[in-house]
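Numbering of residues begins at 1 and proceeds along the displayed sequence.
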Amino acid sequence: GLPLFYPKGAILRRVVEDYITNLQEQKDYEPIWIPHITKGDLYKKSGHLDKYDALYPPMKLKGEADYYLKPMNCPHFMMLYKTTGHSYRDLPVRWTSTTTNYRYEKSGELSGLTRVRSLTQDDCHVFLRRDQIAQEVNLMLDMIQEVYAKFGFKDFWVRVSTRDPKSKKKYIGDKEVWDESEKVLSHLIEKRGWKHQIGEGEAAFYGPKLDFIFKDVLGREWQLSTIQLDMNLSGRFELEYTDENGKKQQPIILHRAILGSTERFLGILIEHYAGAFPLWLAPEQIWILPISDKFISFANKVTEKLKTESKESLRIVVKSENETLGKKIREGELQKIPYLLIVGEREAESNTV
């Protein structure tokens, strides 16, 4: 459950995460940074220590508080918000961080990249006023729609995850707050006309959520994106902003991840394209195949020209191994490299490929 990535995998995840980072910054989300461990007191305050069952055991340090690997990022965002003053004019505050969490998933539930113990989230928390809920959720829905279109994901539906009325102890907050939160999310999805259904008992312990369920090429269903409407944790962390009358109010919080988990997203993405990625995603975009050692210098010249004249940073490999051209072409086809450029004497003379 602790995946390691070779260079091609590392490049693929970087391309995917960079795309999400750039999209978020275009939409006025600001980056923050948070550590990977924290004191247990923070999770006591958030409720995770009592309600969350996938925490790793604490690190017992002599003369120190217990430290935990973080399974969630929410409390860290709350602490940053709490340390600065906020007016109603400042809201919404949109913060995001791509960071890894650690969850002690049962060994029998682990599966490839789709269910892991170290998962990286494009996590975002928006602190907002009650009258901004619809606009902010709609902005998130627009972004999810744009991302799915970019990656060619069409077969998905939305689960409106609500609390289980028979298990009240699993959740924090008043019934009235939950009723309002669930109603708001259901209404916004219904307005979109997207395929959806209620998932009773699937809510987070602090609020209801919209979970985007994607069907992969084998017909299996996976949760990717999530939007969670939280009207409870502000009170626990005593978060405030000053309203137009100078009075202190508690902000609403939206928790959101578009990829959900980078690892799971990549697992689904690799299968979705069967490794034949579109050019922008391919870890190796172009192979240049010299037909003999004599033309390696020309192949290098072609590489430099492509890199210099392209508006984007191209990922190019010169295949200089002492192999036949036919073998190099077969290998390129097997690895599903988008472009194979062949260079020999004619190409070197005419400066072409």
* To do: Please state whether the rings of Phe151 and Trp280 are parallel, tilted or perpendicular, taking 30° and 60° as the class boundaries.
  => tilted
* Classify the ring geometry between His76 and Tyr43 as parallel (under 30°), tilted (30 to 60°) or perpendicular (over 60°). => perpendicular
* Asked: Quick check: does any side chain N or O of Glu221 sit under 3.5 Å from a backbone N or O of Lys215, one acting as donor and the other as acceptor?
  -> no
* Any side-chain heavy atom of Tyr81 within less than 4.5 Å of one from His86? -> yes
* Asked: Among Glu30, His125, Glu136, whose side chain to side chain donor-acceptor pair (under 3.5 Å) with Arg94 holds?
  -> Glu136
* Asked: Picking from Leu340, Val353, Ile342, Ile316, what satisfies side chain to side chain contact (heavy atoms under 4.5 Å, CB included) with Ile288?
  -> Ile316
* To do: Taking atom types as modelled, find out whether His272 and Asp216 have a side-chain donor-acceptor pair closer than 3.5 angstrom.
  => no
* Out of Trp222, Phe153, Tyr19, which one pairs with Phe265 under the ring-ring contact (aromatic ring centres under 6.0 Å, His included) rule? -> Phe153
* Do side-chain atoms of Arg315 reach the backbone of Ala282 as a donor and acceptor pair under 3.5 angstrom? -> yes
* Sole residue of Glu180, Gln249, Gln250 in side chain to side chain donor-acceptor pair (under 3.5 Å) with Arg130 -> Glu180
* To do: Kindly confirm or rule out a cation-pi arrangement of Arg117 over Tyr102, judged by NZ or CZ under 6.0 Å from the six-membered ring centre and within 45° of its axis?
  => no
* Asked: In terms of side-chain heavy atoms, does Thr120 have a donor or acceptor partner in Thr100 at a distance below 3.5 Å?
  -> yes
* Under a single-linkage rule joining Ile, Leu, Val, Met, Phe, Trp and Tyr whose side-chain heavy atoms are separated by less than 4.5 Å, which residues share a cluster with Trp33? -> none
* Asked: CG of Asp155 to NZ of Lys195: how many Å apart, nearest 0.5 Å?
  -> 6.5 Å
* Run the numbers on Tyr56 and Tyr104 for ring pair (Phe, Tyr, Trp, His ring centres under 6.0 Å), then give the verdict. => CA-CA 6 Å; Tyr56 271 90; Tyr104 190 61; 5.2 Å; yes
